[in-house]
Amino acid sequence: MGRSGRAAQTDTARSAYFDRVFAIVAAIPPGRVTTYGTIARALGTPRSARVVGWALNVAPEGAALPCHRVVDRDGNLSGGWHFGHPDIMANRLRDEDVPFVAPYRVDLASCLWDPAEGLVDALGAERERDEQGE
DNA sequence: AGTATGACCAACG
DNA sequence: CCGTTGGCCATAC
């Protein structure tokens with residue numbers, strides 16, 4: 001099979017870290033947003049917020065990842081230009097009824113979604129049972 | 001194997 | 001309040 005040569009390594013390997021980033025982004029519910037730092041924290045690497053942004057940078061166009069639901073710590077559409085124009089990203093979020101506090105800034109207080117919470121729901125109450133033990 | 005980068009974050013002035 | 005600086009971590013060349 002003619003793999004795409006040098007692209008095969010980066011396109012297929014894609015370090016598990018990036019893969020986990022994509023998994024979390026794909027799990028962001030409509031109408032909600034999360035931040036790069038929050039995703040990084042959910043992965044156990046709170047200092048790797050920049051790497052999370054990089055993951056989206058190399059995210060394949062074919063992947064239906066709602067990368068428009070990822071904003072920076074202040075709710076600003078820092079990656080807006082990646083969609084061609086920040087307005088495109090903003091329109092997508094508005095289409096999901098995401099509240100804005102500024103033309104290119106969402107209201108995190110209302111729509112911030114913590115991946116950890118979503119994962120807790122996915123993993124089941126097993127973790128909750130552990131916390132009850134405390 | 002080392003250097004440069006980046007859709008970040010926090011600290012400073 | 002706003003611009004600037006540094007650190008951070010994983011990837012790309």
Side-chain angles (χ1 to χ4, degrees):
Chain A
M1 317 310 254
R3 292 182 185 175
S4 299
R6 60 193 157 108
Q9 293 180 348
T10 56
D11 189 35
T12 303
R14 266 211 219 273
S15 294
Y17 195 88
F18 278 27
D19 189 19
R20 293 189 182 102
V21 173
F22 299 145
I24 291 178
V25 173
I28 304 173
R32 295 279 190 162
V33 300
T34 192
T35 69
Y36 305 95
T38 302
I39 294 173
R41 195 177 305 113
L43 295 176
T45 53
R47 314 284 174 155
S48 308
R50 308 180 80 187
V51 182
V52 174
W54 227 326
L56 298 180
N57 183 27
V58 301
E61 295 177 355
L65 294 176
C67 42
H68 61 277
R69 295 177 189 149
V70 184
V71 298
D72 70 353
R73 190 55 174 168
D74 297 327
N76 291 302
L77 311 186
S78 56
W81 286 107
H82 257 262
F83 296 83
H85 194 281
D87 194 47
I88 297 175
M89 183 175 179
N91 286 337
R92 279 195 177 186
L93 293 172
R94 289 196 182 92
D95 186 54
E96 298 179 356
D97 294 328
V98 173
F100 279 72
V101 297
Y104 298 108
R105 184 172 180 177
V106 301
D107 183 14
L108 290 180
S110 298
C111 61
L112 177 60
W113 176 76
D114 188 346
E117 294 178 357
L119 291 176
V120 170
D121 184 53
L123 294 174
E126 183 177 1
R127 181 175 178 178
E128 292 180 355
R129 182 166 61 84
D130 183 48
E131 290 181 353
Q132 288 178 353
E134 278 183 43

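We name chains A, B, ... by the order of the sequence lines, and we start the count at 1 in each one.
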field: Distance, rounded to the nearest Å, where F18(A) contributes CZ and dG6(B) contributes P
entry: 13 Å
task: Could you state the atom-to-atom distance from OH of Y36(A) to P of dC8(C) in whole Å?
output: 22 Å
message: Measure CG/D74(A) against C1'/dA10(B) and give the value in whole Å, please.
response: 11 Å
- prompt: Is it true that V98(A) and I88(A) fall in one hydrophobic cluster, defined by side-chain heavy atoms closer than 4.5 Å?
  reply: yes
message: Rounded to whole Å, how long is the line connecting atom CZ of R41(A) with atom C1' of dA10(B)?
response: 13 Å
N91(A)/D87(A) under side chain to side chain donor-acceptor pair (under 3.5 Å): CA gap, chis, key distance, verdict: CA-CA 6 Å; N91(A) 286 337; D87(A) 194 47; 3.3 Å; yes
query: Does OP1 or OP2 of dA10(C) have a side-chain N or O of S15(A) closer than 4.0 Å?
result: no
- prompt: Could you give the CG-to-C1' distance, from N76(A) to dC2(C), as a whole number of Å?
  reply: 13 Å
- line: Taking dC8(B), dA7(B), dA10(C) as options, the one with an atom nearest any side-chain atom of H82(A) is dA7(B)
message: What is the distance, to the nearest angstrom, from the CZ atom on R50(A) to the P atom on dC9(C)?
response: 11 Å
- prompt: Which nucleotide in the set dT11(C), dC9(C), dA7(B) lies at the smallest distance from any side-chain heavy atom of R47(A)?
  reply: dC9(C)
- prompt: Which listed nucleotide (dT11(C), dC9(C), dA7(B)) is nearest to the side chain of S48(A)?
  reply: dC9(C)
message: When you compare the side chain of D72(A) with that of Y36(A), does any pair of heavy atoms fall below 4.5 Å?
response: yes
message: Considering every strand and a 4.0 Å limit on heavy-atom distances, what is the contact class for D72(A): base, sugar-phosphate, or nothing?
response: sugar-phosphate
field: V51(A) vs T45(A) side-chain heavy atoms within contact, under 4.5 Å
entry: no
Spacing of R73(A) atom CZ relative to dA11(B) atom P, expressed in whole Å: 12 Å
message: Could you tell me how far apart I39(A) (CD1) and dC9(B) (C1') are, to the nearest whole angstrom?
response: 14 Å
